[in-house]
Amino acid sequence: MIELKDISVSFGKGESRFHAVKDVSLQINTGEIFGIVGPSGAGKSTLVRVMNLLQQPTQGQILIDGEDITQAKGAKLRQIRKNMGMIFQHFNLISGATVFENVAFALTANGYPKEKQRARVEELLKMVGLSEKIDVYPASLSGGQKQRVAIARALANTPKILLCDEATSALDLESTEEVLSILHRIKENSNITIVFITHDLDAAKKLFDRIAVMSEGQIVEVNDTYSIFSNPVHPVTQMLVNRNFELDVPDFVADAVQADEELYKIYYVGQRAYDPVINEVAKRYDVEVSILHGKIDYIHRQALGILVVKVKGQDAVRQAAVAYMKEHVYRLEKLK
Amino acid sequence: MLAETMEILQRELLKAIGETIQMMIISMVAALIFGTLLGLVLYITSHPMFVKNKVINGIAEAVVNVIRSIPFVILMVLCIPLMQALVGTNIGPQAAAIPLSIAAIAFLARLVDGAFREVDPGVLEAAFATGASIPLILKRVLFVEAFPGLVRAFTVTFVNLVGFSAMAGLVGGGGIGNLAIQYGYYRYETGVMIITVLILVVVVQAAQAIGDSIARKVTKR
């Protein structure tokens, strides 16, 4: 378990002092994939660097499995880092070293016997599907392949924790899928804790068990992934989720709404995502319901449906119809 | 005229080349060892992830800057007591090699520092994140990533030294530069002047070409 207690990080002095992270407390459980999302500049990368002390916090404590590591230095700090792999947005491989040498570097750092290194590197590369690239230089690899080498390096010493800093943000869709599925498989086959920083909510949706939303140096919301998407509470979370669903109604559509019409965004969750509420409303009340926009997303095998509908009818009837809908859907949000 | 030029070259050229080579080897070796070390000190004492140390960094910076701001001719004169103490004389290539070495060390140190600064900080961060020790990171990451830059720094230093070693002729250091000044300049032997300058041009061109080609070969980007 990783515990952060009142972590603050500031840079600079006096007038130009900048608070990148402010009073963050978090608990990340063993064996979960914990995501930290937020707009760029929110302090996510600084926060993840605090966990392996690449960034010393200005204030607060870091506990790994109950042990306070905040003041660790020298050999002790190196020992702690060997138990924490890390991958980065720009892969950060040694360009003048082969794939083998890059992965073996982490083994050497941990005092792994030299004669056994080749076998161990082969095993790691097989896990990330890059066995045939063992003796090439990183320059000849694609972005996705570089990140897979970086994953092999990060996992070389079988760490208990894997930190991922925007690990898919520099990759195309296909490579992102590849990296996410490798991480997912790694997690299935071990009890590793993964902390993943990203601004990409698609990655979040596919991979994370729980999500913390960060904005301006603070954690504004923590919840399981499904709840973050189905019921975002904080305005920043709502903004991120809405942007991800891409269900904004164009202005000209919203402007064309008549006096006897209203626009609603409807959320369905779980089994209810399949309920024909729209049909039912049209049958029971004298209203017209037209669907302007909609999609169903699956998060951890649970359905989350969102529809943007226009309800047309006389005031009283329309209100009754909306009240009925509200009762039968997960959440209803008036747009206009 | 031509016969005279040939006679002077036959008599003096080989000796002059020998002296230049001697000066170059001594000062280049000194620069490679101590200049690289001083450059490393400049870098690691200014970098928070290594061993940031304001005092040591300040001293190293001051040493490098002071030496680099003294014109080489003045540096040679300033070094006369040191020459006397170390080699017992202030003329000849071995004596001239002392100010040459000092200038080359400071010059290369600054370039080495620059080559290290060019290394992607993310790569170093990733290396630190594995829990590797500083010596291992220096050896397997910093030097590997900076290597093409270091080769270029060595080349520039070599070329600079060719120029400085020619200047050493001015105060009796001997070598090709001495030949050019003594005969080409003072005795109006234009032929000698042209030949010596041509030799220097060829040496510099060759050094630059070889340096560039090695730098290209070791770049794996």
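Below, chain A is the first sequence line, B the second, and so on; all start at residue 1. Hydrogens, waters and symmetry mates are skipped; everything else that's a heavy atom, side chains included, is used.
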Checklist entry - In terms of ring plane angle, is the pair Y43(B) and F116(B) parallel, tilted or perpendicular, where the classes change at 30° and 60°? => result tilted
Checklist entry - What orientation do F11(A) and F18(A) show, parallel under 30°, tilted 30 to 60°, or perpendicular over 60°? => result parallel
Item to check | Side-chain heavy atoms of L40(B) within contact of T36(B), under 4.5 Å | outcome: no
Next on the checklist: When you compare the side chain of V50(A) with that of I62(A), does any pair of heavy atoms fall below 4.5 Å?
Outcome noted: yes
Which donor-acceptor pairs lie under 3.5 Å between chain B and chain A?
residue : atom : partner : partner atom : Å
G122(B) : O    : N92(A)  : ND2          : 2.9
E125(B) : OE1  : R49(A)  : NE           : 3.4
E125(B) : OE1  : R49(A)  : NH2          : 3.0
E125(B) : OE2  : R49(A)  : NE           : 2.6
G131(B) : O    : R78(A)  : NE           : 3.4
E145(B) : OE1  : S95(A)  : N            : 3.0
E145(B) : OE1  : S95(A)  : OG           : 3.1
E145(B) : OE1  : G96(A)  : N            : 2.8
E145(B) : OE2  : S95(A)  : N            : 3.0
E145(B) : OE2  : S95(A)  : OG           : 2.9

Item to check | Distance, nearest 0.5 Å, that separates CD1 of I186(A) from CG of L155(A) | outcome: 4.5 Å
Heavy-atom cut-off 4.5 Å, strictly under: side chain, backbone, both or neither for [X] against chain B?
X       : answer
M86(A)  : side chain
L54(A)  : side chain
L163(A) : neither

Checklist entry - Can you list the steps and then say if L200(B) with T196(B) is a side chain to side chain contact (heavy atoms under 4.5 Å, CB included)? => result CA-CA 6 Å; L200(B) 293 177; T196(B) 49; 5.6 Å; no
Item to check | Distance flag, aromatic centroids of F208(A) and F34(A), threshold under 6.0 Å | outcome: no
